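Working notes for the structure below.
Keep in mind that what you see is a predicted model, and the values were worked out from it rather than measured.
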Amino acid sequence: MTAWSIASFHFITGVCVLAAVRHMSNGLWRPIDRVNILFSLMCCCAAGMAWTQAQLYQTWAIEEYAALLKWNVSFALAFFIVMPWFTAAVTGRRYPRWSIAMTVIVTALLVLNLVQPSGAQLASIERIETKYMPWGEPISSPVGPLAPSFWIAITAALVVIGDSVLRFLATWARDKTGTNLMLVLSTTAYLAAGIEGILVRAQVIDFIHLGPFGFFLMVIAMSLTLSFRSRHNLLVSEQRFRALVEQSPFGIQVLAVDGETVQVNSAWERLWGINASDNTGAAHESLLPVIERAFLGHKGETHPMPRHGGQWIRSFVYPIKDPGGLVRNVIVMHEDVTEEKRAEDAARAVTAELSQVKHAVLQQERLRALGQMAGGIAHDINNAISPAAMYVETLLEQDKTLNPRTRERLGIVQQAIAAVVQTVARLREFCRPRESQSAREAVDLNHVVQQSVALTRARWQTMPQGKGIAIRTDVELAEGLPTIMGSESEIRDAVVNLIFNAVDAMPGGGTITLETRALRNGAIIEVRDTGCGMDEQTRRRCLEPFFSTKGELGNGLGLAMVYGMLKRHGGEIEIVSEEGRGTTLRLLFTSDSTSVERQPTTAPPPGASSRESIGVRILVADDDPMLLESLRAALEGDGHHVMTADDGQSAIDAFEAADKAGAPFAAVITDFVMPIVDGRKVSTAVNQMRPGTPVIMLTAWGNRVRAQDDTLPYVDHILAKPANLTELRNTLARLLPH
């Protein structure tokens with residue numbers, strides 16, 4: 001045997017070892033690649049088979065030949081153990097469960113081969129014969145009976161090879177790539193070499209065994225297969241990455257270490273309006289600080305930045321590092337956050353409006369609570385001053401012994417009481433609940449203006465005077481002004497609001513003029529001030545809800561409420577203002593909201609008095625002993641017979657006793673609010689015992705209680721406290737029979 005045959009087999013061994021080392025290093029030094037590791041094991045097995053085969057060809061001793069033969073077969077069986085798992089890893093298909101049993105069989109044959117003296121091929125070696133290569137070189141060839149395990153090993157090998165071939169062919173049918181082509185060629189070569197080896201061992205053909213050459217060809221083919229596979233995977237990965245970059249909604253820009261742009265995607269071009277071919281510069285200058293930090297290994301993010309056309313962009317910057325940890329590139333991702341920014345601005349505006357609404361609601365709650373307090377204060381004041389008012393009026397009318405000086409001082413007291421009564425009346429108007437929109441009444445605009453001026457006196461006179469500021473109010477009321485069908489409280493609130501605005505517009509003082517004028521088809525309330533005025537932009541927006549120039553001191557709802565009131569009344573508003581020259585606001589009520597002139601209330605004839613009813617019996621009920629005593633004294637001074645009761649139940653009992661005794665009362669005067677039994681129950685009991693008996697109710701709530709409504713069906717007249725003696729006399733004269 002020449003050295004060329006041995007050299008060729010050792011060359012095959014070297015190639016297989018190099019292939020094993022190459023693919024093993026690829027599998028271990030990068031994230032573990034299962035395919036490379038399995039292929040490395042197969043290369044090691046192929047190298048072992050080639051080396052042992054080279055030694056067998058030149059070995060003539062039977063014992064040495066048997067040992068080499070066992071190792072040769074062991075490498076082949078190990079190859080077949082690894083091969084199905086390599087096939088499954090390359091083709092990407094799961095290995096069937098029945099093939100796992102085949103792996104167990106091959107593994108058992110490997111163990112059996114290592115235990116038997118001659119191995120799994122031959123039962124024993126009888127002798128070594130000399131045979132020749134096709135080109136004439138002599139080789140050693142054993143002669144002996146085949147081992148029973150030989151056919152099992154051959155069958156297992158053929159099953160493994162056949163399964164691998166079928167898998168590779170299926171892969172080739174699905175994906176005709178260079179990788180799958182090399183897989184098919186390598187397995188076909190190995191199958192041919194395996195069949196040739198089986199025929200030689202079974203002594204079917206008398207030819208030299210070329211198995212190691214088949215292994216060599218297969219290793220080379222599979223090595224090329226993996227190279228094709230790596231290139232194909234790299235190409236697929238690049239295509240996937242490119243598609244991901246191009247289809248990304250983010251504008252992506254890759255920068256080199258010198259800051260120049262390396263690559264951009266189409267979204268970036270659309271976002272910045274620049275073509276990639278025209279872009280040779282660096283990133284946007286506002287991103288330079290973040291990019292410099294990225295080249296130091298830190299990722300960053302920018303706040304939304306405005307661009308032309310109302311566009312907002314937010315950028316993310318990430319460093320791209322090599323395996324050594326050095327930053328080679330920086331990737332900048334730009335996101336269009338215009339819609340998000342608009343949504344945030346809208347949400348912020350809504351939040352601000354909600355905050356203003358909350359503030360307005362709190363203000364309304366405070367006003368409601370203040371109104372309730374004002375109503376209670378007005379009630380208590382009316383009760384407290386009623387006896388004083390009654391006594392003073394009685395003394396001035398009935399006591400003729402008073403000297404002029406005393407009479408003058410009592411007159412001053414009476415004027416002071418009248419001023420208190422007016423103040424209380426304003427408090428009652430302040431706390432009076434607003435009528436619903438459907439409730440309409442005839443409204444005297446002159447009366448509304450006068451009420452508004454009186455209600456706001458503290459705001460435009462007392463409070464500014466405490467700061468050394470003088471504000472004067474002029475009222476110019478037109479005669480013969482038509483009445484308006486509407487809500488008096490709403491119109492009054494609107495005028496009060498305009499007066500407050502006028503005061504705020506004159507921090508240094510000035511004049512507020514309120515004027516009413518009649519039109520051919522309506523009426524006007526005009527409020528003028530000499531304040532700072534408004535510029536054109538403020539004038540256009542002043543009616544918008546929540547628009548205010550007062551900062552935290554205003555909620556921007558005043559003029560909006562005035563405008564809403566006018567719309568409900570079918571009216572219009574005119575605003576004339578010039579910065580630095582004051583403001584004029586006109587509330588126009590058209591003919592749709594006017595009605596006929598208010599009918600004057602019929603007063604009793606001048607000569608009517610209580611003299612015609614002198615001597616009548618009157619029952620007076622009130623829980624305030626001072627008021628009770630003052631009423632008794634005043635009525636007895638007019639010649640009436642008065643009986644008093646300090647609560648409602650006592651009044652009912654007294655009326656019942658008098659009625660049964662045949663001396664009924666001609667009239668009943670009762671307080672509205674009394675403990676346990678109030679004036680409502682007293683009037684009901686009086687009507688049940690003697691229908692038609694006049695009932696006069698005294699109340700400190702003023703106009704908030706109306707006679708002949710659903711809750712007071714048996715009350716003939718209501719007098720507001722403090723009761724006026726003249727009004728009480730006229731009421732008795734009207735209700736009592738002559």
Side-chain angles (χ1 to χ4, degrees), residues 382-383 386-387 389-391 393-394 397-398 604-605 608-701 705-709 711-738:
N382 281 333
N383 276 332
S386 291
M390 186 64 66
Y391 275 127
E393 189 173 3
T394 302
E397 285 192 5
Q398 298 178 359
S609 68
S610 61
R611 290 193 303 270
E612 300 177 1
S613 56
I614 291 177
V616 300
R617 289 169 53 81
I618 300 176
L619 176 62
V620 180
D622 200 296
D623 59 340
D624 186 350
M626 296 178 62
L627 178 61
L628 200 63
E629 180 62 25
S630 64
L631 283 172
R632 186 190 62 77
L635 292 174
E636 286 181 349
D638 286 344
H640 297 293
H641 301 284
V642 180
M643 184 175 183
T644 61
D646 58 1
D647 60 64
Q649 187 59 49
S650 298
I652 294 174
D653 294 340
F655 188 88
E656 184 179 5
D659 189 52
K660 290 181 179 180
F665 291 103
V668 176
I669 301 174
T670 178
D671 188 13
F672 179 56
V673 179
M674 292 184 292
I676 304 177
V677 178
D678 59 8
R680 184 188 297 106
K681 295 180 180 178
V682 171
S683 65
T684 302
V686 168
N687 182 75
Q688 290 177 351
M689 288 184 284
R690 181 171 286 276
T693 301
V695 177
I696 301 172
M697 182 170 289
L698 294 177
T699 175
W701 294 108
V705 181
R706 296 179 179 180
Q708 303 301 330
D709 62 7
T711 59
L712 301 172
Y714 307 117
V715 176
D716 297 280
H717 192 77
I718 291 178
L719 291 178
K721 293 181 180 180
N724 182 277
L725 185 56
T726 302
E727 187 178 4
L728 179 59
R729 288 170 179 168
N730 293 335
T731 302
L732 288 173
R734 180 171 56 85
L735 296 179
L736 293 176
H738 300 294

Problem set entry | Non-neighbouring partners of Met643 that pass side-chain contact (heavy atoms from CB on, under 4.5 Å), sequence neighbours left out |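 Residues passing side-chain contact (heavy atoms from CB on, under 4.5 Å) with Met643: Leu619, Ala654, Phe665.
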Exercise. What pairs meet the side-chain hydrogen bond (donor to acceptor under 3.5 Å, both in side chains) rule with one or both residues in residues 664-677, with sequence neighbours excluded?
Worked result: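 Those involving residues 664-677 are Asp671-Lys721.
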Exercise. What pairs meet the side-chain hydrogen bond (donor to acceptor under 3.5 Å, both in side chains) rule with one or both residues in residues 682-698, with sequence neighbours excluded?
Worked result: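 Of all non-adjacent pairs touching residues 682-698, those that pass side-chain hydrogen bond (donor to acceptor under 3.5 Å, both in side chains) are Asp659-Arg690.
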In chain order, what residues pass the salt bridge (charged side-chain N to carboxylate O under 4.0 Å, His left out) check against [X], with sequence neighbours excluded?
X	result
Glu727	none
Asp646	none
Asp678	Arg680

Measure the [atom1]-[atom2] distance between [X] and [Y] for me, rounded to the nearest 0.5 Å.
X	Y	atom1	atom2	result
His717	Leu698	NE2	CG	9.5 Å
Thr731	Ile669	OG1	CD1	9.0 Å
Leu627	Met390	CG	CE	7.0 Å
Ser630	Asp624	OG	CG	8.0 Å
Met626	Glu629	CE	CD	10.0 Å
Leu631	Thr644	CG	OG1	10.0 Å

Tell me every residue that passes side chain to side chain donor-acceptor pair (under 3.5 Å) with [X], counting only those two or more places apart in sequence or in another chain.
X	result
Asp653	Gln649
Asp647	Ser650
Arg617	none

For this session: Verify the neighbour count for atom CE of Met689: are there more than 12 heavy atoms of other residues, nucleotides or ligands below 6.0 Å?
Result: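 Result for CE/Met689: enclosed.
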For this session: Just do the side-chain contact (heavy atoms from CB on, under 4.5 Å) check on Thr726 and Glu393 with the steps written out, would you?
Result: CA-CA 9 Å; Thr726 302; Glu393 189 173 3; 3.6 Å; yes
For this session: For Thr699 and Val673, run side-chain contact (heavy atoms from CB on, under 4.5 Å): C-alpha distance rounded to whole Å, both residues' side-chain angles, the deciding distance at 0.1 Å, then the answer.
Result: CA-CA 7 Å; Thr699 175; Val673 179; 5.6 Å; no
Problem set entry | For the student: nearest non-hydrogen atoms of Pro694 and Leu735, plus distance |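 Closest approach of Pro694 to Leu735: CG-O, 3.8 Å.
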For this session: Looking only at non-hydrogen atoms, find the nearest pair between Leu628 and Ala645 and report the distance.
Result: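 Nearest heavy atoms, Leu628 then Ala645: CD2-O, 3.7 Å.
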For this session: Return yes if some donor-acceptor pair links the side-chain N/O of Asp716 with the main-chain N/O of Val695 below 3.5 Å, else return no.
Result: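 Checked: pair present.
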Problem set entry | Contact check, side chains of Tyr714 and Met697, non-hydrogen atoms, under 4.5 Å |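 No, too far: nothing below the 4.5 Å cut-off.
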Exercise. Just wondering, do Asp623 and Pro675 contact through their side chains at under 4.5 Å, heavy atoms?
Worked result: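 Yes. Closest side-chain heavy atoms under 4.5 Å.
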For this session: Apply side-chain contact (heavy atoms from CB on, under 4.5 Å) to Asp638 and Leu732, showing your working.
Result: CA-CA 11 Å; Asp638 286 344; Leu732 288 173; over 6 Å; no
